[in-house]
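Written below as structure tokens is the structure these notes are about.
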Amino acid sequence: MRYRIEYADGRCCNFANSRKDLLEWLKLLKDEEITDIRKIYKNGVTDSVLEKYQNYLDKNAG
């Protein structure tokens with residue numbers, strides 16, 4: 001499963017190829033303002049999973 005991490009400025013985003021990759025990115029991006037995390041399905045459809053990972057963002061912010 002791929003994930004797209006979107007930032008506040010809207011100009012760039014990062015991709016994670018797995019949940020493990022996503023959690024590593026969230027650790028590295030503790031100073032960035034993340035506006036959305038989207039799960040990308042094989043057919044191209046995306047769903048926001050920001051709420052699911054909000055706890056990881058809160059832990060890294062503090």
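Starting from 1, each residue takes its place in the sequence as its number.
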Original post:
Are Leu26 and Ile34 close enough that some pair of their side-chain heavy atoms sits under 4.5 Å apart?
Top reply: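 Of all side-chain heavy-atom pairs linking Ile34 with Leu26, at least one is under 4.5 Å.
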
Subject >> Heavy-atom side-chain proximity of Phe15 to Arg2 below 4.5 angstrom >> reply: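 Yes, side chains in contact.
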
**OP:** For the residue pair Asp21 and Tyr3, confirm or rule out a side-chain donor-acceptor distance under 3.5 Å.
**Re:** no

**OP:** Please step through side-chain contact (heavy atoms from CB on, under 4.5 Å) for the pair Tyr53 and Leu23, ending with a clear verdict.
**Re:** CA-CA 9 Å; Tyr53 292 99; Leu23 295 177; 4.0 Å; yes

Which heavy atom of [X] sits nearest to which heavy atom of [Y], and what is that distance?
X     : Y     : answer
Asp36 : Ser48 : OD1-OG, 2.6 Å
Ile40 : Met1  : O-SD, 3.5 Å
Glu6  : Cys13 : CA-CB, 4.2 Å

Atom pair [atom1]/[atom2] of [X] and [Y] - distance to nearest 0.5 Å:
X     : Y     : atom1 : atom2 : value
Arg4  : Lys39 : CZ    : NZ    : 14.0 Å
Ser18 : Glu24 : OG    : CD    : 9.0 Å
Arg38 : Ile5  : CZ    : CD1   : 13.5 Å
Asp47 : Lys52 : CG    : NZ    : 11.0 Å

Subject >> Results of side chain to side chain contact (heavy atoms under 4.5 Å, CB included) for Leu28 - residues two or more places apart only >> reply: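 Result, side chain to side chain contact (heavy atoms under 4.5 Å, CB included) vs Leu28: none returned.
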
Original post:
Would Leu50 and Thr35 satisfy side-chain contact (heavy atoms from CB on, under 4.5 Å), going step by step from the backbone distance to the final call?
Top reply: CA-CA 8 Å; Leu50 182 64; Thr35 57; over 6 Å; no

Subject >> Verdict with reasoning, Thr46 to Tyr41, per side-chain contact (heavy atoms from CB on, under 4.5 Å) >> reply: CA-CA 6 Å; Thr46 64; Tyr41 296 96; over 6 Å; no

Original post:
Can you check whether Asn14's main-chain N or O pairs, donor with acceptor, with Trp25's side chain at less than 3.5 Å?
Top reply: no

